[in-house]
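When a ligand or atom number is given, it counts from 1 through the structure's own listing order. Below, all heavy atoms of this structure are taken into account, side chains as well, without hydrogens, waters or symmetry copies.
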Amino acid sequence: MSFHYVYGPVNSWRFGRSLGIDPIGTISTCSFDCVYCQLGAIERLQIQRQIFIPTEQILQDLQLFAPWDVDVITLSGSGEPTLALNLGEILAKVKEMTAKPLVVLTNGTLLNDPDVRAALALTDRVAVKLDAVSDEQLRRVNRPVAELNLGEIWQGIEQFRAEYPGKLAVQTMILSAWNSQVQSDYINRIKQLVPDEIQLNTPSRPKPLTRQLDGRGNNQIADCAYPVNTLKCVDADYLKTFADRIQQQTGVLVRWKISQ
Ligand code: SF4
């Protein structure tokens, strides 16, 4: 199968009709290896930025989708998009070409880097992952590269919040029920950050064990003709109750859904 750096469009419950751009490419690459990742086990776990796909190649693929009849163009793809060193250039040129709202889904691990924050400032919306309120939870759920810790990641997210002119969503995946203390810790962080929106999720699909191209951007995978791991998930009542609690205590809009 030939590889395309632009894919979709897909209907996203969070962003509407969305065309995806993958700045990472054939080898899945991320600073996390989340237990629920629909890409399968991350093939290249790294925190160093590099150019994976030349910007020109992405623009050529994007041209094939003109006139881009979509609500947004979303950069996520085969791993963590902020690892792409040409992220800023890609965003600037995609905006110039399409004039569409731009969204980036990030795990937030590179937000301490001023170049990453400057690139993301070119977008209209950013969704940042926050699945953990302790290092233990981070290691268990997100399984980051060894040098990452929650304190530094959080510092980057706060710095980004202070500077970013667009809309910031926090995206949180809950696998097994959080106890009251973990819920309170999360709510306290949300009070500090004051994002524009929270998106709560629980995984409804099993995790593929090996790389699955269709999992890019957390898209729906068509079938399960490959080995998978069943994941823990919470039910709709739990998500709704927690969503109501967060919204009441923080005033931040919370949207929730079972599935990615
Ligand atoms: S879910 Fe996102 S952050 Fe987690 S491993 Fe997959 S691509 Fe990386």
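Heavy atoms of C30 found under 4.0 angstrom from ligand 1 belong exclusively to the side chain. If you look at Q38 next to ligand 1, there are no close heavy atoms at all, none under 4.0 Å.
Residue contact check for ligand 1: E80 places no non-hydrogen atom closer than 4.0 Å to it.
Looking at S180 and Q183, their side chains never come closer than 4.5 Å, going by heavy atoms from C-beta outward. Proximity of I47 to L148: side-chain heavy atoms (C-beta onward) are separated by under 4.5 Å at one or more points.
Of all atoms in ligand 1, listed by their number and element, those nearer than 4.0 Å to a heavy atom of N107 are 3 (S). Listed by atom number, the atoms of ligand 1 under 4.0 Å from I42 heavy atoms are 5 (S).
With a cut-off of 2.8 Å, atom 4 (Fe) of ligand 1 has no N, O or S atom of C37 in range.
Among G40, S76, C34, P144, the residue whose heavy atom lies closest to atom 4 (Fe) of ligand 1 is C34.
For D69, the CG atom counts as loosely surrounded, since its 6.0 Å shell holds 12 or fewer non-hydrogen atoms of other residues, nucleotides or ligands.
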- Task: Before giving the answer on side chain to side chain contact (heavy atoms under 4.5 Å, CB included), spell out for T172 and Q199 the whole-Å C-alpha distance, their side-chain angles and the decisive distance to 0.1 Å.
- Result: CA-CA 6 Å; T172 298; Q199 299 160 354; over 6 Å; no
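Other cluster members for I51: L85, joined by side-chain heavy-atom distances under 4.5 Å among Ile, Leu, Val, Met, Phe, Trp and Tyr.
Pairs engaging residues 126-160 under the ring pair (Phe, Tyr, Trp, His ring centres under 6.0 Å) rule: F160-Y164 [sequence neighbours left out].
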